[in-house]
Number of protein chains: 2
Amino acid sequence: MIPKTAEYALRAVVILARAPGRPLSADALAESTQVPRRYAHKVLQALVRAGLVGSHSGPGGGYTLLRSPEDVSILDVVSAIEPIPRIRRCPLGLKGHTSLCPLHRQLDDAAAQTEKAFAQVTLAQLLNQSHSVPPLCEVK
Amino acid sequence: MIPKTAEYALRAVVILARAPGRPLSADALAESTQVPRRYAHKVLQALVRAGLVGSHSGPGGGYTLLRSPEDVSILDVVSAIEPIPRIRRCPLGLKGHTSLCPLHRQLDDAAAQTEKAFAQVTLAQLLNQSHSVPPLCEVK
DNA sequence: CGCAGGAGGACAAAGATACTCCTGAAATCT
DNA sequence: AGATTTCAGGAGTATCTTTGTCCTCCTGCG
């Protein structure tokens, strides 16, 4: 559904949101998110480029969430990694009306729907639902 | 969003639905759906295995839609190629509650949403919307 | 200064997906 | 039967994503 990389990014950001202020190293994040060590680096770098998280070298350094959890939606994170592909023109390249044909309209509507669903959920909301199950299933 | 192969399958099935009774060859379908010739064949074979379309060799043969357009949903076609991946257990493999954590609950909800959207639209509906734009954008 | 903990970038291997080619088999027509 | 049309299936290629390895550079601390 969404690329693995986006999943990984979401996990990382959730973990970061739970450790406000305190920087977490890529290796630490890789462990708690169960993402392959070196791949975690890559994912985090993408998040840095997108301006969602900040990085700092040296002892005591690591990654931190730059924006407040209320201001970060699932869509923000997913889009930072890879935007949800929308269908704007006819993929067949057929010239025609400005609007999509029924098939591609449906496909794009589905994309729009998930985009909207992702835009409506913030990190803060994910954390606040902890009364049921904590953010990343870490229940013994 | 959905794999390219699924897109191709949808195009093929739409074209087939517009040519009731009359079999269409893989090459003909490849052309009108703008799918690479050889690859179209592979996609069609998958649809045959799924029982959605039937095939017939020899001159005048080709592929035909087996079920009536009212009985085939977008989901049927997509699932024949590759089912929409649902999240049933915690992907981290962490043992815990029976329910998903908030993050994965959201992700799976989105999947469920598109699954539902795809299940509600039939081929017949796509064809009937032709008053606006014909099924595959073929407007000059 | 020098060291250790950290990020960052350049490859390369493994896997999945998309695509091609080649050869065989079935059905139809003459 | 033989030729032609069209499906069936497997092997091979290309490309992308995911993952792994190595080396460099930055930064805080003693």
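Owing to the predicted nature of the structure, the values given are computational and were not obtained by experimental measurement. The chains referred to below are lettered A, B, ... by the order of the sequence lines, with proteins before strands, and numbering in each begins at 1. Only this structure's heavy atoms are used, side chains among them; waters, hydrogens and symmetry mates stay out.
In terms of phosphate contacts, Tyr63(A) brings a side-chain nitrogen or oxygen within less than 4.0 Å of OP1 or OP2 of dG8(C). OP1 or OP2 of dT18(D) has at least one side-chain nitrogen or oxygen of Thr5(A) nearer than 4.0 Å.
Asp109(B) pairs with exactly one of Gln113(B), Arg105(B), Gln106(B) by the side-chain hydrogen bond (donor to acceptor under 3.5 Å, both in side chains) rule, that one being Arg105(B).
Residue His41(A) contributes atom NE2, which lies 5 Å from atom P of dA7(C) at whole-angstrom precision. Residue Asp27(B) contributes atom CG, which lies 12 Å from atom P of dT20(C) at whole-angstrom precision. For Lys4(B) and dT17(D), the NZ to P distance is 11 Å, given to the nearest whole Å.
Evaluation of the side chain to side chain donor-acceptor pair (under 3.5 Å) rule for Arg67(A) yields Asp76(A) as partners, not counting sequence neighbours.
Annotation: of the two residues near DNA chain C, Gly58(A) and Ile2(B), the 5′-most nearest-nucleotide partner is Gly58(A).
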Checklist entry - Does the side-chain hydrogen bond (donor to acceptor under 3.5 Å, both in side chains) test come out yes or no for Tyr63(A) and Ser25(A), once each step is laid out? => result CA-CA 6 Å; Tyr63(A) 296 92; Ser25(A) 78; over 6 Å; no

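For Ser25(B), the listed nucleotide lying nearest its side chain is dT6(D); candidates were dA18(C), dT6(D), dT18(D).
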Checklist entry - With the sugar-phosphate defined as primed atoms, P, OP1 and OP2, and the base as all remaining atoms, what B/S/- string results for nucleotides 10-15 of chain C, 5' to 3', for protein heavy atoms under 4.0 Å? => result ------

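Remark: His56(A) in residues 44-56 of chain A come within less than 4.0 Å of DNA chain D through at least one heavy atom.
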